[in-house]
Amino acid sequence: MSLESKIQFIVSQSVLSLYKIETEASHIQIQKTKKEFEGDLTVVVFPFVKAARKSPEATGQEIGALICQQNPLVTSFNVIKGFLNLTISKTYWLDTLTEIFENHSYGIKLPTADSDIMMIEYSSPNTNKPLHLGHIRNNLLGFSISEIQKANGWQVVKTNIVNDRGIHICKSMLAWQKFGNAETPQSTGMKGDHLVGKYYVVFDQAYKVQIAELIEKGATEDEAKKNAPLIVEAQQMLLAWERNDPQVRQLWETMNGWVYAGFDQTYIRMGVNFDKIYYESETYLIGKEEVERGVRENEFYVRPDKSVWADLTSKGLDEKLLLRADGTSVYMTQDIGTAKLRYDDYDIKKMVYVVGNEQNYHFQVLSLLLDKLGYSWGNDLVHFSYGMVELPEGKMKSREGTVVDADDLMAEMIDTARDTAIELGKLEQCTSQEIAEVARIVGLGALKYFILKVDPRKNMTFNPRESIDFNGNTGPFIQYTHARIKSVLRKAVEQHIDFGTKIDNTLLISEKETNLIQLLTDFPSVIKQAGDEFSPALVANYCYELVKEFNQFYHDFSILKEENEALKKFRLQLAASVANVVKIAMGLLGIEVPERM
RNA sequence: GGUCUUGUAGCUCAGCUGGAUAGAGCAACAGCCUUCUAAGCUGUGGGUCAUGGGUUCGAAUCCCAUCGAGAUCACCA
């Protein structure tokens with residue numbers, strides 16, 4: 001039972017005996033005592049003043065006196081306005097620290113073999129261009145959410161749907177065929193995804209030239225866009241692909257192979273991974289079958305031009321296209337097929353899609369369509385809808401070349417981390433390999449924390465001209481605190497200080513130390529809340545709060561130079577516990593912490 | 001136009017399941033390294049919580065309206 005619920009129970013008993021009112025313990029408002037007041041926990045007494053028929057102050061005094069007298073857990077109290085501040089016994093805090101110190105997976109609820117399965121889809125790239133900053137947010141959120149749900153006892157299956165077919169990839173293929181001079185990643189030294197992306201751009205440029213020429217010759221813009229030879233050829237290529245044309249298929253496999261090799265590098269660098277990968281080329285046919293079944297069951301209808309639609313007007317939405325007039329499938333068709341396949345493959349309890357908020361409508365429709373197709377789980381899909389990453393000028397636009405490339409950004413962050421470390425004279429006795437490793441951890445830590453500390457639902461701004469900070473509320477600041485603690489712990493070992501044994505729970509400890517223990521006790525509920533709300537930001541902000549508090553303690557108190565052996569041992573345990581929680585919490589964000597930096 | 005999201009310090013963000021004087025970081029300025037890592041710590045200045053109403057003992061937080069920003073309503077994905 002948490003301290004908070006214990007206090008809630010005690011207060012409800014006291015209120016009952018004093019004022020004869022029954023209060024649900026969980027409804028009693030408890031909060032952390034604000035820094036400027038004395039005490040650890042605060043009870044809001046306003047709800048009782050009516051029954052007490054006394055002033056808020058008097059009511060608080062009365063409740064406080066009774067609690068204090070009856071429970072050794074509470075050692076003193078004070079009342080300010082309608083707030084009853086309780087001070088919890090140091091013994092309780094010391095015993096609590098012992099529990100935390102001894103539990104190396106503190107806060108984590110490990111899944112078991114029969115835990116429910118949560119499938120989390122994230123990343124979901126198109127295979128026609130490299131990953132950019134928007135994908136970084138998606139990947140980091142998806143990975144972190146997965147780790148957080150695991151820590152809440154779910155069996156998580158991380159999945160990725162690769163959009164590997166369609167007109168977009170045909171555009172890259174066609175441009176490479178026409179203008180590529182048989183370039184390969186090997187011959188150019190380019191990462192495969194970047195090489196393919198290059199030809200996607202080449203296509204677009206050549207296509208624009210053709211459109212301009214047609215307009216010059218008197219065509220309207222729409223006609224020009226529709227009739228430009230390149231786009232016609234790309235469409236033919238898509239049809240050839242669907243017919244399994246061997247040459248087109250061969251080219252497709254080759255170029256997608258380049259892209260996957262490139263993506264794999266990016267994923268590894270980013271530190272994300274998947275348990276099961278689905279490919280649109282393998283699921284879109286299942287989607288088509290489902291849609292056709294829907295037509296047979298009169299859930300969907302066919303228009304005179306043979307296109308297939310779902311009428312969702314009764315749900316307040318529009319009509320939705322499911323199959324084009326030429327029989328080819330659209331994005332929605334594919335998503336229906338993928339969903340069905342996944343539920344066939346796994347006993348999914350909860351399906352989560354990490355997809356940007358620009359697709360809110362899409363997922364609303366997807367749920368309804370699956371429901372119409374008779375899948376009871378259709379309504380249970382969770383669209384974890386996150387906000388866009390914007391530049392100070394607004395959205396990233398590939399046409400204007402303002403897209404921030406994922407590989408470039410990570411490399412820059414790592415470079416900056418290394419430069420900073422050298423400039424500050426850190427790591428002087430480390431090998432170049434060790435320096436590179438710390439630079440990697442810190443650079444990526446800065447980037448990941450920068451993105452994950454923001455409430456995922458909100459749009460966020462990234463300014464490429466101002467490099468991401470390494471001071472203040474940042475990843476490196478948190479990593480630094482961890483490194484400092486580890487340094488102290490190493491020194492303690494060198495000095496043969498044995499701090500692993502149980503501490504004296506009658507020690508007198510300071511307010512600062514008590515606060516730190518109290519912060520540590522918050523960790524499990526932070527993980528729970530982060531899971532319930534799908535918010536890595538809660539974990540990030542918690543880490544910052546904890547570490548900030550620790551740094552003040554570190555500044556004001558000496559650990560190794562403390563003369564009282566029992567106190568020294570206590571502080572070592574406290575520091576070690578903070579380091580452990582920081583490590584676990586940062587791990588939930590997909591951020592590593594270095595032993596030194 | 002319909003639906004949804006959003007508006008907190010110069011900038012980037014917390015706080016939003018109603019509670020005490022609205023918090024951090026960056027930027028600016030002023031201090032602290034013979035003392036466990038100064039990527040740290042301390043201090044100063046900086047706010048009409050978009051605006052107006054309402055509910056309440058109490059509103060940045062909940063409700064309504066207005067204004068601003070964004071997303072979406074494609075035979076794109």
Side-chain angles (χ1 to χ4, degrees), chain A residues 29 31 33-34 36-37 42 44-47 49-50 56 80-83 85 124 126 128 163 166-168 280 303 305 307-309 316-326 328-332 334-335 356-362 364-365 385 387-388 390 392 394-395 417 420-421 423-427 442 446 450 453-455 457-463 466 468-481 483-492 495 529 533 537-538 540-541 544-545 547-548 551-562 571-572 575 596-597:
Chain A
Q29 294 180 58
Q31 52 189 277
T33 303
K34 293 223 165 194
E36 54 267 40
F37 304 108
T42 295
V44 181
V45 302
F46 291 108
V49 299
K50 215 170 187 179
I80 295 166
K81 294 187 186 170
F83 300 93
N85 302 320
S124 309
N126 290 341
N128 62 332
N163 298 299
I167 192 75
H168 57 276
E280 186 188 332
R303 286 189 182 173
D305 68 356
S307 58
V308 177
W309 294 77
L317 302 176
D318 295 316
E319 301 194 338
K320 184 73 191 175
L321 175 86
L322 299 176
L323 286 176
R324 296 190 186 103
D326 66 1
T328 55
S329 64
V330 292
Y331 179 46
M332 185 61 78
Q334 172 266 119
D335 251 358
N357 60 17
E358 57 198 351
Q359 293 190 32
N360 287 352
Y361 182 76
H362 174 81
Q364 213 182 334
V365 173
S385 162
M388 299 289 98
E390 292 172 348
K395 285 187 80 171
T420 308
E423 196 180 308
L424 293 173
K426 309 274 177 179
L427 309 170
V442 173
F450 178 83
K453 77 170 178 190
V454 180
D455 183 338
R457 290 166 306 180
K458 292 187 179 174
N459 288 357
M460 62 179 293
T461 311
F462 173 78
N463 190 337
E466 295 170 13
I468 292 173
D469 258 300
F470 285 55
N471 302 319
N473 186 359
T474 67
F477 170 72
I478 295 165
Q479 292 170 319
Y480 177 68
T481 307
R484 266 174 150 185
I485 296 174
K486 283 311 179 95
S487 174
V488 173
L489 297 180
R490 280 194 298 272
K491 291 214 161 79
Q495 294 172 23
Q529 207 189 345
E533 297 180 19
L538 296 177
N541 288 324
Y544 176 63
E545 207 184 330
V547 156
K548 193 171 164 51
N551 276 325
Q552 290 167 2
F553 161 74
Y554 182 88
H555 182 265
D556 295 345
F557 295 80
S558 184
I559 300 173
L560 294 172
K561 295 213 170 65
E562 171 57 48
R571 287 184 186 156
L572 281 164
R596 61 192 87 222
M597 66 184 272

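Throughout, a chain's letter reflects where its sequence line sits, starting with A, and its residues are numbered from 1.
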Examine [N]: is either OP1 or OP2 under 4.0 Å from a nitrogen or oxygen in the side chain of [X]? Give yes or no.
X: A/N471; N: B/rG40; answer: yes
X: A/R457; N: B/rC13; answer: no
X: A/K81; N: B/rG58; answer: no
X: A/Q31; N: B/rG19; answer: no

TODO: Once you apply the 3.5 Å cut-off to both distances, tell me the Watson-Crick or G-U wobble partner of B/rC67, or none.
DONE: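 Pair assignment: B/rC67 / B/rG7.
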
TODO: Write down the partner of B/rU72 under the Watson-Crick or G-U wobble criteria, each distance required to be under 3.5 Å.
DONE: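 By the stated definition (distances under 3.5 Å), B/rG2 pairs with B/rU72.
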
Open item on the list: Are the side chains of A/F450 and A/M460 in contact, using a 4.5 Å heavy-atom criterion?
Closed with: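 They are in side-chain contact.
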
TODO: Test for a donor-acceptor pair under 3.5 Å between the base of B/rA20 and the side chain of A/T42, counting only N and O atoms.
DONE: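 When only heavy-atom distances are counted, A/T42 does reach the base of B/rA20 through a donor-acceptor pair under 3.5 Å.
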
- [ ] Assess whether one donor atom and one acceptor atom, taken from the side chain of A/N85 and the base of B/rA20, lie less than 3.5 Å apart.
- [x]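 Check passes, donor-acceptor contact within cut-off.
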
Open item on the list: By nearest heavy atom, map A/E358 and A/T461 onto RNA chain B; which one lands nearer the 5' end?
Closed with: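 Its nearest nucleotide being more 5', the pick is A/T461.
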
Open item on the list: Using heavy-atom distances to pick each residue's nearest nucleotide on RNA chain B, tell me which of A/T33 and A/A417 is more 5'.
Closed with: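 Residue closer to the 5' terminus by nearest nucleotide: A/T33.
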
Does [X] reach a base, just sugar-phosphate, or nothing at all? Heavy atoms under 4.0 Å.
X: A/Q359; answer: base
X: A/Y480; answer: base
X: A/A421; answer: base

Open item on the list: Between B/rA27 and B/rA9, how far apart are the two C1' atoms, rounded to whole Å?
Closed with: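 B/rA27 and B/rA9 have their C1' atoms separated by 12 Å.
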
TODO: Hey, can you tell me if A/Y331 and A/H362 have their rings parallel, tilted or perpendicular (30° and 60° cut-offs)?
DONE: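 Plane angle under 30°, so parallel.
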
- [ ] Would you check if the side chain of A/N459 reaches a backbone N or O of A/M388 as a donor-acceptor pair within less than 3.5 Å?
- [x]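 Flag set: sc A/N459 to bb A/M388 pair under 3.5 Å.
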
Open item on the list: Evaluate A/V330 against A/L322 for side chain to side chain contact (heavy atoms under 4.5 Å, CB included), listing each step before the verdict.
Closed with: CA-CA 6 Å; A/V330 292; A/L322 299 176; 5.5 Å; no

